[in-house]
Each structure stands twice: as C-alpha cells, then as structure tokens.
Amino acid sequence: MTATAPREEQLWSRCAGCASLLYRKRLRRNLDVCPECGAHSRLAAPERLRQLVDEGSLCLLPDSLPEADPIGFVDVLPYPHRLTAARAATGLTEAVVCATATIGGHPAVLAVMDFRFLGGSLGCAVGELITLAAERALDDHTPLILVTASGGARMQEGALSLMQMATVSQAIAGLREAGLLTVSVLTDPTYGGVAASFATNTDLVLAESGTRMGFAGPRVIRQVTGRALPDGFQTAEFLLRHGQVDMVVQRRSLRGRLVALLAATRADRPARPPVPRQESAPRREPPAGDGPDVVRSADGPDPLGERSAVRAGAADLAAPDPWDTVRTARHPGRPTTLDYLDSVFDGFVELHGDRLGGDCPAVVGGVARLDGRHVMVIGHQKGHTTAELVAHNFGMASPAGHRKALRLMRLAARLGLPVVTLVDTPGADPGVSAEEQGQAAAIAENILTLTVLPTPVLAVITGEGGSGGALALAVADRVLMLQHAVYSVISPEGCAAILWPDRSAAPQAARALRLTAPDLRRLGVVDEIVPEPATAAHEDPTETARRLRAALLANLLPLLDVPPATLVRRRRQRFRRFGSARVGARAGAR
Ligand SMILES: [Zn+2]
C-alpha cells in the first residue's frame with residue numbers, strides 16, 4: 001500500500017496492516033487509512049499538504065538549490081545517481097516540501113518530509129529548506145508546523161548532514177525566542193538525526209496514529225542488546241505512555257487538532273511587530289576567535305590535509321588510511337576525559353545527576369580550572385580496561401547523561417563560566433530504556449540549547465565523535481579535533497551494513513565518510529586540528545595533554561571578552577553556513 005505501486009496495480013492496493021485488497025479511490029477518500037483495519041499508510045508530501053491546509057491557500061516555497069555532493073560520496077553507486085533516481089521516482093526536488101498556507105483560516109508555514117525520497121534523509125538541502133521555512137515563519141510571525149518522516153541524517157553527506165541537526169534546531173530556537181509556536185507532527189517512521197533534533201525540540205509534538213519514532217532503530221537496538229524488544233516498542237502509544245508526545249492523533253482528526261492548537265495560541269495575543277530577521281551569514285565567516293591557532297590551515301582549502309599534517313609534525317607525510325585512524329581513535333590506551341581532567345585542568349570538582357532520577361556514568365562534568373580560570377568541563381567518559389568501559393557504558397550516554405550535561409551547561413551560563421566539552425563516544429546509548437526515557441528529545445534539547453547558550457563554548461573531539469550523541473556536546477563557538485580523532489554521522493560499520501552488501505566494507509565506508517580531522521577541517525566542521533605526538537596520543541599522553549592545554553587556552557581566551565549576544569550570533573552564523581547553498585558553493589570551488 002504505497003504511492004509507488006506498479007502501474008497495473010494502481011487501481012488496487014493491498015493494506016500493509018490486514019492484507020485486504022482495497023480500491024485505491026476509496027482508500028484515497030479515506031485519507032489513505034485502511035477502512036478495514038485502520039492502518040495509516042505513508043503519505044507523499046504533496047498529498048499530506050492537500051489534506052492539512054485550506055483549499056486554495058497553499059503557496060509552495062522555492063526549493064531550487066545548487067547541486068551538492070559535498071564529500072564526493074560513492075558506495076556501490078555515486079550519490080548523484082541516487083539523487084537523480086529519487087527525483088525521477090518522486091517528482092520532488094528533495095525530501096521535504098515547504099509551503100505557506102492557512103489551516104482553518106490560521107496562517108502557518110509548513111515543512112513536510114517525504115519518506116519516499118532517500119528515506120526522508122536529512123542532508124544539507126533538506127536542512128537548508130527547513131531552515132528557510134523557519135526563517136519565513138519568523139519573518140511572517142506565524143507558527144511553524146513540521147511533518148516528519150525520516151530514517152535519519154543522510155550519510156552520503158557525512159558530518160555535514162549531522163550539522164543540519166544544529167542548523168535547523170537553532171532556527172527552532174529563534175522561533176521559541178520570538179514566542180512563535182512550533183509543532184512537529186511525527187509520522188511513520190521518524191528516526192535518528194531527525195528524531196534527535198527538530199522532530200522533538202518543538203513546543204508541541206503530535207504523533208500520527210501508527211507512527212514509530214526513536215533515536216536508534218529497532219534493528220540496531222536488537223543487535224546491540226541481543227534481546228527481543230517489548231511489544232509496541234517505539235509506537236505512538238509507547239511514546240505517549242512514556243511522556244514523549246502530547247497526543248496520538250488519527251489522520252482524520254489531525255487537521256482539526258492543528259486548527260484548535262493554532263487558534264488557542266493566537267487568542268488574546270496582541271499583534272506584535274515582526275521580529276527583525278537574523279543577519280544572514282556571510283559565505284566565509286572568519287573564525288570567531290582571533291587567537292593564534294596551534295594548527296590552522298592557510299586560508300585556502302587543504303584537500304589532503306597535508307599542511308596540517310606537516311605542521312603537526314607527523315612523521316608520515318602521507319595521510320593514513322581513514323580506517324587506521326578509526327582504530328587509533330578507538331585505542332583503549334587513548335586518554336579519556338577523566339585523564340584530561342587530571343592532566344590538562346586543575347581542581348576538578350565533579351557534579352552529578354540530572355535532577356530527574358538518574359546519574360549517567362558515560363558523561364562526567366563539573367567545575368575545574370584551566371590556567372587559573374574557572375570553566376565548566378563536560379565530557380564523555382570511556383575507560384582503559386573492560387571493567388572501566390562497562391562501568392561507563394563505553395561512553396554511550398543515556399538520556400540522563402544528556403540531561404546532566406544540559407543542567408551543567410545552563411548552570412555554567414548562569415554563573416558566567418565558559419563551557420569546555422570533550423567528545424569521545426561511539427554514539428548515544430542505543431537501548432530500550434534509553435528510548436523509553438526519550439533519548440531523541442534529550443539530544444535534541446541539548447543541541448538547541450547549545451545554539452543559544454550565552455557563554456563561550458569550546459568543543460574538542462578527542463577520540464570518537466559518533467553521530468547525534470557527539471553533536472549533543474559539540475555545538476560550539478570553536479570546534480577542535482585531535483589529529484587522530486574521528487567525527488562521523490554514522491559508524492563505518494553501520495554505514496557499510498546499510499549501503500554495502502555487508503559490514504566487512506567498513507574500511508571502504510570509513511574512506512567514503514570523510515571522518516578524519518583534515519577532511520573535517522576542509523569542510524569547515526572543525527576549526528582547528530590539535531596535533532598528537534608520534535605516533536598517537538596513547539603513546540605519549542603527557543605531551544598530548546600539553547598540546548591540548550595550549551590549544552584550549554589559545555581558543556578560549558579570545559572568546560572570554562566577547563559579549564554573550566555577539567557570541568550567540570556568531571555561533572548561529574557558524575552553523576547557519578552549513579546550508580546547502582554554501583556547501584554547494586564550496587563543492588563547486590573544489
Ligand atoms: Zn487494513
């Protein structure tokens with residue numbers, strides 16, 4: 001029962017719920033809900049818009065953006081071939097359709113995702129289009145309604161797709177500040193980077209009946225935990241029971257619910273002048289800080305990272321194979337956050353707990369001094385031995401860990417302390433209880449909060465920067481990366497399992513994902529590479545700590561004198577520039 005049934009079957013559809021053979025026109029009249037069993041089939045974005053908005057009110061927003069294949073991704077097919085095929089199959093330009101319209105007479109801006117287009121994946125163009133829609137809502141002083149359907153971030157665009165979680169979240173933050181309602185309507189399925197950002201950090205979250213939503217997919221959770229999943233796991237009813245959505249709505253009631261919510265939020269509100277739009281980011285924003293870099297590539301692109309490697313004093317001038325870098329980044333001897341708290345900082349006082357019922361051992365944080373200045377340090381903690389790794393859940397934060405980090409970030413802002421984060425995680429905890437406790441929303445709220453936190457934020461990728469779990473601590477004014485760390489939208493093994501015939505292609509995936517420090521420096525995801533002593537940090541932790549300390553000071557000191565409003569504005573520009581147009585310009589310039 002999909003919109004892409006073969007031609008000869010278009011008169012009839014078979015229900016995925018009860019297997020009834022249904023006359024398509026009858027099904028369409030019933031909003032693509034099975035009249036026999038009530039199963040809600042997936043809707044194409046244009047049909048969804050038709051069902052939700054007032055007739056004749058729809059005005060599509062422009063969706064033409066420069067072509068972008070920002071990391072030149074190839075698996076068994078080059079990424080542009082997949083894009084072309086998706087366009088031909090759907091008639092859409094991208095995996096989201098944005099529009100202005102009225103709903104029950106109330107004006108709104110809508111962004112509706114379409115799962116048929118590369119699994120509704122969030123890439124630079126999708127992030128840019130939704131951000132533009134949010135900016136339009138801010139300009140027009142109208143609510144924003146997001147209808148989500150996505151498997152997650154688009155791995156063919158590497159870490160740049162991860163950045164879109166921050167870009168869209170900060171646009172949502174802008175609407176929050178302006179007192180404008182944001183609503184997300186979860187539809188089946190909504191997972192990964194979309195679930196862990198704008199699908200759950202809106203004011204209201206509605207789940208259409210039949211939706212499944214979560215941070216980690218059921219297959220991954222089953223693989224990691226080796227256990228069967230509870231009945232109804234991640235369904236709309238599960239989400240409601242665990243406090244993660246405001247309501248579960250049948251499709252036939254969805255429009256009416258939106259009308260009621262839009263009406264309620266407009267009531268008694270005095271007309272407010274439109275909020276001035278944020279200044280748009282220049283294409284090449286100079287670094288926020290003016291401090292000397294330990295290693296800063298010259299202005300031009302540095303495609304092979306050679307200059308960085310030379311300045312880093314690395315013995316091998318040839319770039320190592322990215323798969324070797326992945327293994328170095330995961331080396332059990334690599335210094336952990338607690339090691340750095342001992343060697344780089346002084347007087348660390350650990351603070352525990354999320355104040356909601358948990359204290360996650362995978363995240364450590366507290367106040368410390370850096371060269372005599374007080375800072376809030378928050379980082380993922382792994383360990384060197386198996387017992388340590390198990391005790392700290394391998395550095396995979398639970399929702400309680402993300403909420404502890406959030407509490408410490410907010411506390412730092414209130415106390416006027418800069419925040420230093422140390423990122424070293426394979427990813428957020430993919431477990432049943434993590435999903436029950438709202439892993440996606442916990443990550444989403446951290447990302448949003450960091451985009452507007454009124455205090456300096458400095459992030460360092462020290463080991464593994466694994467997807468949304470890493471980004472939850474890495475939206476910062478300056479992002480540093482140790483030379484042999486990696487930062488990626490998905491693990492090479494996970495990427496290989498999805499895009500290659502099997503997981504043994506992880507080394508190829510590692511190369512395709514552009515997850516090394518020189519690659520990310522070139523893409524602008526990382527501002528500076530902190531060189532490691534030969535051959536890597538685990539061989540000489542003392543020297544590594546000395547270099548990290550110097551890099552932290554050089555980057556932090558210039559931020560301390562910047563007024564908070566200026567800091568936040570520059571941080572927003574930093575993440576805003578990852579939009580498709582800019583990335584397209586970068587790709588074109590290569
Ligand atoms: Zn049915």
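Counting starts at 1 for both ligands and their atoms, following the listed order.
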Next on the checklist: For distances below 2.8 Å, what is the count of protein N, O or S atoms around the Zn ion (ligand 1)?
Outcome noted: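 Protein heteroatoms (N, O, S) closer than 2.8 Å to the Zn ion (ligand 1) number 4.
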
Checklist entry - Salt bridge between E436 and R241, side-chain N to carboxylate O under 4.0 Å? => result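 So E436 does not pair with R241 through a salt bridge.
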
Item to check | Non-hydrogen atoms of L58 and A99 that approach each other most closely | outcome: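 The answer is CD1-CB, 3.5 Å.
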
N/O donor to acceptor pairs below 3.5 angstrom from side-chain atoms of residues 222-229, sequence neighbours left out:
unit_1	atom_1	unit_2	atom_2	d
T225	OG1	I221	O	2.7
T225	OG1	R227	N	3.3

Next on the checklist: If the condition is side chain to side chain donor-acceptor pair (under 3.5 Å), which residues does T84 pass it with, not counting sequence neighbours?
Outcome noted: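 By the side chain to side chain donor-acceptor pair (under 3.5 Å) rule, T84 matches no residue at all.
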
Checklist entry - Taking the six-membered ring where the residue is Trp, are the ring centres of Y191 and F215 under 6.0 Å apart? => result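 That pair fails the under 6.0 Å test.
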
Item to check | With R251 via salt bridge (charged side-chain N to carboxylate O under 4.0 Å, His left out) - residues at least two apart | outcome: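 R251 satisfies salt bridge (charged side-chain N to carboxylate O under 4.0 Å, His left out) with E208 only.
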
